[in-house]
Amino acid sequence: MNELDLKVVDQLLSTTRSIRKRLDLERPVDLAVIDECLELSLQAPTGGNSQGWRWIVVTDPRIRAGLADIYARSAEGYLKQRAEELKGSTDTQNVKVYDSAAYLVDVLHQVPVHVIPCIRGRRSDDAFGNASLYGSILPAVWSFMLAARARNLGSVFTTLHLKHEAEAAELLGIPENFLQVGLIPVAHTDPAAFKPVSRQPLDTLRFHDRWSD
Ligand SMILES: Cc1cc2nc3c(=O)[nH]c(=O)nc-3n(C[C@H](O)[C@H](O)[C@H](O)COP(=O)(O)O)c2cc1C
């Protein structure tokens with residue numbers, strides 16, 4: 001049982017992408033499969049084993065439309081600025097990300113499931129406190145996305161709607177002592193969407209023993 005098929009595991013880890021354009025907006029998602037993925041995500045670590053996580057699985061079209069509206073208002077300025085920065089750019093990877101991010105704004109209300117991960121606690125000025133807070137939910141978020149990908153569900157971790165965090169909290173009824181950390185649209189996808197991309201070379205990012213330039 002401890003013998004993992006490294007080929008499969010490494011493929012999962014290297015091909016789980018942010019899926020936006022290939023989200024199937026028509027096909028419903030079985031919520032039992034979302035629960036399966038969430039169940040797996042609960043194996044992630046939390047600070048002091050606090051397990052202060054909560055997950056809101058949104059399928060109600062009115063609430064998805066409300067979130068999409070908040071997201072669109074949040075995205076407006078950001079996308080305008082990115083468009084300026086990318087004008088005439090030959091950086092095809094980032095131009096693609098921009099196109100795809102802009103597309104998501106238009107269709108978010110149609111994505112069948114929105115998952116909102118939340119964590120108990122509030123932000124503070126304390127580095128330890130903030131690392132512990134976000135560190136007690138983001139590993140689980142990524143586990144959820146990996147589990148979804150393994151079931152041919154596409155997803156993308158987004159944070160833009162948090163520019164209007166309070167409005168979204170009210171729409172979703174999130175209590176004061178919990179923090180939403182993102183919005184994950186989830187839908188069926190074409191498995192061909194899952195492929196590796198190029199990243200910066202490790203040698204430019206990893207130091208031994210001490211930071212070096
Ligand atoms: C902290 C964080 C915030 C993100 N916020 C958004 C977002 O608001 N909207 C969006 O479309 N993508 C968002 N993304 C997805 C990134 O754009 C994406 O991960 C990146 O372009 C790399 O693409 P890949 O995940 O397919 O490799 C976010 C990713 C992270 C890690």
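The chain is numbered in sequence order, starting from 1. As the structure lists them, so they are numbered: ligands from 1, and atoms in each ligand from 1. Because the structure is a prediction, the values reported are computed rather than measured.
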Quick note, ring-ring contact (aromatic ring centres under 6.0 Å, His included) partners involving residues 129-172, not counting sequence neighbours, are none

Counting only heavy atoms not in Gln93, do more than 12 sit closer than 6.0 Å to its CD atom?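 Count over threshold, so yes.
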
Salt bridge (charged side-chain N to carboxylate O under 4.0 Å, His left out) pairs touching residues 129-158, sequence neighbours excluded, are Glu36-Arg151

**Q.** Donor-acceptor under 3.5 Å (Thr158 side chain, Leu160 main chain)
**A.** no

Item to complete: Please check if the side chain of Thr189 supplies one atom and the backbone of Pro191 the other of a donor-acceptor pair under 3.5 Å.
Response: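 Judged by distance alone, no pair lies under 3.5 Å.
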
Only counting residues at least two apart or in another chain, list the ones meeting ring-ring contact (aromatic ring centres under 6.0 Å, His included) with Phe207.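 So Phe207 forms a ring-ring contact (aromatic ring centres under 6.0 Å, His included) with Trp211.
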
Under 4.0 Å from ligand 1, residues with heavy atoms, in chain and number order, are Arg17, Ser18, Arg20, Tyr71, Val97, Ala101, Leu104, Val156, Phe157, Thr158, Thr159, Leu160, Arg199

